[in-house]
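These numbers come from a predicted model, not from an experiment.
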Amino acid sequence: MKNVGLVASSVGHVAVLAWALISLPSPGAHDVSDLEILPIELVSVSDVTDVVKGQSTAKVQKKVQEATRKAPQPEEKKPEPAPKVAPKPKQAEPQKQAEPEQPKAKPEPAPKVEPAPKPEPSPKPEPAAKPEPAPKPEPTPKVEPEKKVEPQPEPTPKAEEKPQSEPTPEEPKEAAPKPVAALPKIKPKAPPKPQKPAEEKRKFDVDSLKALANQADSAQPTQSGEQDQDASFGSRNGREAAAMTQSELDALRAQIAQCWSPPVGAADASQLAVKIEFGLDQQGNVNWGPQPIEYPANQFGVAAVESAMRAVRRCAPYTLPADKYDAWRRVRINFDPSDMF
Amino acid sequence: MPNEVVQTALASATADVSLWTLFMQAHIVVKIVMIGLLSASVWSWAIIIDKSLLYTRTKRQMDRFEKVFWSGQSLEDLYQTLSGRPNHAMAALFVAAMREWKRSFEGHARSVAGLPGRLEKVLDVTLSREVDRLEKRLLFLATVGSAAPFVGLFGTVWGIMSSFQGIAASKNTSLAVVAPGIAEALFATAIGLVAAIPAVIAYNKLASIASQHAMRLEGFADEFSAILSRLMDERG
């Protein structure tokens with residue numbers, strides 16, 4: 001009698017274990033798909049949103065650079081409207097006048113380039129001048145370094161090219177098929193030589209023509225070093241015209257920061273970190289609040305909040321993009337001295 | 001060198017991780033814990049089955065006996081049929097009391113004076129013996145129910161400890177190296193819970209049934225002693 005339980009229990013356990021061993025032998029390896037490893041680089045937004053210090057009178061350079069880089073596209077377009085060449089010579093005259101001025105203004109690129117252009121203008125009036133007109137009218141001061149280099153080299157290759165004319169087109173064909181189409185047209189019509197084919201030619205000629213290689217080399221550093229030579233577009237203190245490129249919040253913060261005089265005596269900027277909220281109307285006036293949301297937990301808390309609220313009221317009409325009014329109808333902003341100064 | 005590490009890690013990751021290999025790879029302490037818990041589980045299930053059968057049988061027999069007892073059948077006849085083999089608790093009570101009763105009236109020296117006291121004693125002793133028999137080994141279930149999780153936890157802690165020692169020794173923190181050790185360690189806790197959960201549930205259930213039966217036996221003993229003392233007074 002007593003053994004019934006033991007036997008039944010043993011049999012049951014053996015059965016369960018056998019079932020377990022058979023039916024769940026291995027829980028199947030997890031399918032791990034190979035994940036592609038993506039390198040991640042952390043970039044601070046402030047690199048983009050902080051305006052570079054510069055002169056407000058300067059024009060934006062980036063667009064010019066982009067335009068010059070996109071040259072291959074304009075090239076194809078320009079050859080087609082070739083008949084328009086007529087107006088260009090008219091423009092060429094001011095350019096010629098401008099050319100002598102430009103080298104004076106920019107001594108750095110000039111030394112290398114100058115020797116070439118001075119003799120050239122006389123033999124090659126039209127080809128040298130025509131490429132310039134199109135780009136120059138737009139960016140007068142900044143573009144000069146780049147374009148001076150370009151037009152000047154062009155004349156030299158052409159002077160030499162006329163003997164060499166046949167070999168040069170062949171070389172570019174390998175690397176740049178598109179310019180090839182433009183090049184044949186250029187020889188008869190001469191006018192619409194864009195900058196890039198010229199650069200490419202230079203690069204291709206680098207092997208054969210050392211002088212051109214020097215010029216091409218000189219062109220690149222001038223492009224990269226533009227900011228050193230010319231003040232780039234920006235506000236005087238790097239903050240004023242922030243709204244142009246900064247996010248709206250950064251812009252607003254910059255405006256408020258100008259009016260903010262943080263309380264004296266706080267040992268540490270983090271002690272003054274305040275979060276306040278306020279409402280703005282369409283004209284940028286404060287119509288609600290400001291109201292503190294977080295007080296810093298120290299003895300400067302009340303003073304910091306007071307100063308922040310004062311700053312918000314004092315700078316009151318804020319210039320913000322009107323079409324995004326919904327975004328800044330109600331603003332919540334962190335006053336953190338370590339961010340704002 | 002890194003390639004080798006990766007390969008070994010992958011090899012162990014894709015290795016057989018069935019229950020049997022988990023058990024065979026385990027540290028000796030963990031193995032002992034597992035075996036102990038497994039045998040505790042076997043034994044507690046044996047007790048559960050045993051007691052369940054015993055209680056249902058006891059209940060059925062008591063029902064039948066009470067039916068017969070209260071049917072008006074003569075106690076003498078009932079005693080004659082049961083005296084040979086009092087095969088359940090209530091019959092044992094009845095037989096013990098009747099034996100004492102008959103012995104008191106046998107022979108010439110009728111010792112009636114102390115009879116009620118002796119009957120009480122006999123019924124008490126028999127009752128406690130029968131209740132003991134009913135509740136025997138239930139305590140083992142309670143012990144398994146409360147201790148098995150701890151024992152399993154001990155096995156787990158030990159297994160994880162040794163797998164961390166393995167990490168320290170191999171200086172490889174790959175999860176594939178640690179996982180089998182932790183899996184086998186957790187297996188010990190799993191067995192502990194498998195043993196403990198049915199034990200606890202069955203203990204609560206069986207203990208309540210046992211106490212019901214004990215109360216029923218007690219009630220019968222009281223009633224029967226009342227009947228006997230009335231008979232004794234009638235015989236004068």
Could you go through A:L6 and B:W45, starting from their C-alpha distance and side-chain angles, then the distance that decides it, and tell me whether this counts as side-chain contact (heavy atoms from CB on, under 4.5 Å)? CA-CA 7 Å; A:L6 187 57; B:W45 271 102; over 6 Å; no
Options B:L38, B:V42, B:I49, ranked by heavy-atom pairs under 4.5 Å with chain A, top entry: B:V42
Exceeds 12 heavy-atom contacts within 6.0 angstrom, atom NZ of B:K31: yes
Measure B:S39 against the heavy atoms of chain A and call it side chain, backbone, both or neither at under 4.5 Å. neither
Between OG on residue A:S9 and CD1 on residue B:I47, distance to nearest 0.5 Å: 9.0 Å
Partners of B:I182 by side-chain contact (heavy atoms from CB on, under 4.5 Å), sequence neighbours excluded? B:I160, B:S163, B:V178, B:L186
Below 3.5 Å, can you tabulate the donor-acceptor pairs from side chains in residues 190-211 of chain B to any protein atom, sequence neighbours excluded?
{"residue": "B:N204", "atom": "ND2", "partner": "B:V200", "partner atom": "O", "Å": "3.4"}
{"residue": "B:S208", "atom": "OG", "partner": "B:K205", "partner atom": "O", "Å": "2.8"}
{"residue": "B:S211", "atom": "OG", "partner": "B:S208", "partner atom": "O", "Å": "2.9"}

